[in-house]
Amino acid sequence: MNKKNILTSLLVLAGACATASAADFTGRGVFNFKSDSGCPFSALAGPANECNRLALDDADTRAALDSAAHTIRFANPRVYGEKTIVGDVLLQGSGQSRSSGQRVPLTFHALVSRSGNEWSVSSHAHSPVGGEFSDIRIDPYQVVVIEGSAERVVFTPAQISETLSKPSIAARLANEIVQVQDNRAGGATDADITVGLGLSRASKSVARARFRAPSAKGSELSEAMRQGNWSLELQALSGQIPRQVVQRDLFLYGLESQSLLQPLMQRGFKKNEKLVLGAAGGKGYVRYDGQQREFAGADASARAFLQDSFIGLVLGWQQQQQPQRPPVAKADGR
């Protein structure tokens, strides 16, 4: 892209931010904004309902959020030698399960990438239960990328709703491959799941996740976490979890600058390694590789993980529900 086109792109983006309802984001960071459609767990989101997410992965990416026009615009003048994720959009909503009739939280997640100077976008849905959904409620955003002096719409509100209500063939295949087992037994109420990859009995366990917040249900969850006696534990049951996935999750959930986690940041998980966030007596901590450090941001990181990630969504849903059998949930994507 030449200098004239770079300048034009930035001017287009600046114009998108000229209204009072718009916000301009630049540089590497994770930014939350209001969901008018509600949040997966209102006790964790707070009264502002700021559980929608916009993430920018590098300093060359800029985004304009226009909440009045329900439009998110991305600009990036850099030329990349290989396909690179430069940002993402995560929108929170809900839908009615066609099989059970129950209203459940749904998340639309779009990854925005660059290869050379070309844009590409991929999307998937998160849900704590499998199947199709009706009566989708999600903020009607469109996602736009700036190409030179022009704009291209890569997702419309209708496409987002369709992604959530009727998964594509590829998403249905992923739904069959990702297996989630409920490990609770004997009246246990703490959320505890194992995630496996593969078809049914041939699946291979890759991770176990547990969330413990004693005696906290519904609106009590937020207060229990603030006062502090809780833990969120992630254990790798395989050494094959992609390093890039681990690195990006540490970025998204505010953990990449933790000195204790630098080995994890550099090489990813080894089999059976555990990462624990928690609090005892109101003081947050992070634990990894047999060492524990004080971490004031443990509460914020855990809240973000429970609302934004597929594993967290299932854990949070379990924590709000009674144990059920058969213990299987599905995912339409990572």
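In terms of modelled atom types and a separation under 3.5 Å, the side chain of Arg53 and the main chain of Asn32 share no donor-acceptor contact. Of the possible donor and acceptor atoms, one in the side chain of Arg114 sits under 3.5 Å from a partner among the backbone N and O of Arg78. For the pair Trp119 (side chain) and Ile146 (backbone), a donor-acceptor distance under 3.5 Å is present. Gln247 places a side-chain N or O within 3.5 Å of a backbone atom of Met265 that can act as its donor or acceptor partner. Remark: side-chain polar atoms of Asp135 are not paired, donor with acceptor, to backbone N or O of Gly95 under 3.5 angstrom. With hydrogens and angles disregarded, no donor-acceptor distance shorter than 3.5 Å links the side chain of Ser127 to the backbone of Gly130. Side chain of Asn52 to backbone of Lys34: a donor-acceptor contact under 3.5 angstrom is found. Using modelled atom types, no side-chain atom of Glu273 and backbone atom of Leu264 make a donor-acceptor pair closer than 3.5 Å. Side chain of Arg248 to backbone of Ile85: no donor-acceptor contact under 3.5 angstrom is found. A donor-acceptor pair under 3.5 Å links the side-chain atoms of Gln262 to the main chain of Gln258, judged by distance alone.
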Before giving the answer on side chain to side chain contact (heavy atoms under 4.5 Å, CB included), spell out for Val153 and Val144 the whole-Å C-alpha distance, their side-chain angles and the decisive distance to 0.1 Å.
CA-CA 4 Å; Val153 177; Val144 175; 4.0 Å; yes
Take Arg208 and Asn183 through the test side chain to side chain contact (heavy atoms under 4.5 Å, CB included) and record every step on the way to the result.
CA-CA 9 Å; Arg208 184 173 184 177; Asn183 296 323; 3.5 Å; yes
Intermediate values then yes/no, salt bridge (Lys or Arg N to Asp or Glu O under 4.0 Å), Glu294 and Lys283
CA-CA 7 Å; Glu294 185 175 332; Lys283 294 185 177 180; 5.9 Å; no
Could you walk me through whether Val86 and Asp60 pass side chain to side chain contact (heavy atoms under 4.5 Å, CB included), step by step?
CA-CA 8 Å; Val86 297; Asp60 296 295; over 6 Å; no
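Among all heavy-atom pairs drawn from Arg243 and Gly268, the shortest one is CG-N, 3.9 Å.
Taking the ring centre of Trp230 as origin, the terminal cationic atom of Arg212 falls outside the region bounded by 6.0 Å and 45° from the ring axis.
Among the candidates Leu261, Leu277, Leu234, Leu255, the single residue satisfying the side chain to side chain contact (heavy atoms under 4.5 Å, CB included) test with Tyr288 is Leu261. Across Phe211, Tyr253, Phe41, Phe310, a single residue satisfies ring-ring contact (aromatic ring centres under 6.0 Å, His included) together with Phe305, and that is Tyr253.
The side-chain hydrogen bond (donor to acceptor under 3.5 Å, both in side chains) test applied to Ser37 returns Asp139, not counting sequence neighbours.
Donor-acceptor pairing under 3.5 Å is lacking for the side chains of Gln142 and Thr156. For the residue pair Thr61 / Asn76, a side-chain donor-acceptor distance below 3.5 Å is found, with atom types taken as modelled.
To the nearest 0.5 Å, the span separating CG on Leu106 from CG on Leu313 amounts to 8.5 Å.
Ring pair Phe33/Tyr141: centre-to-centre distance below 6.0 Å.
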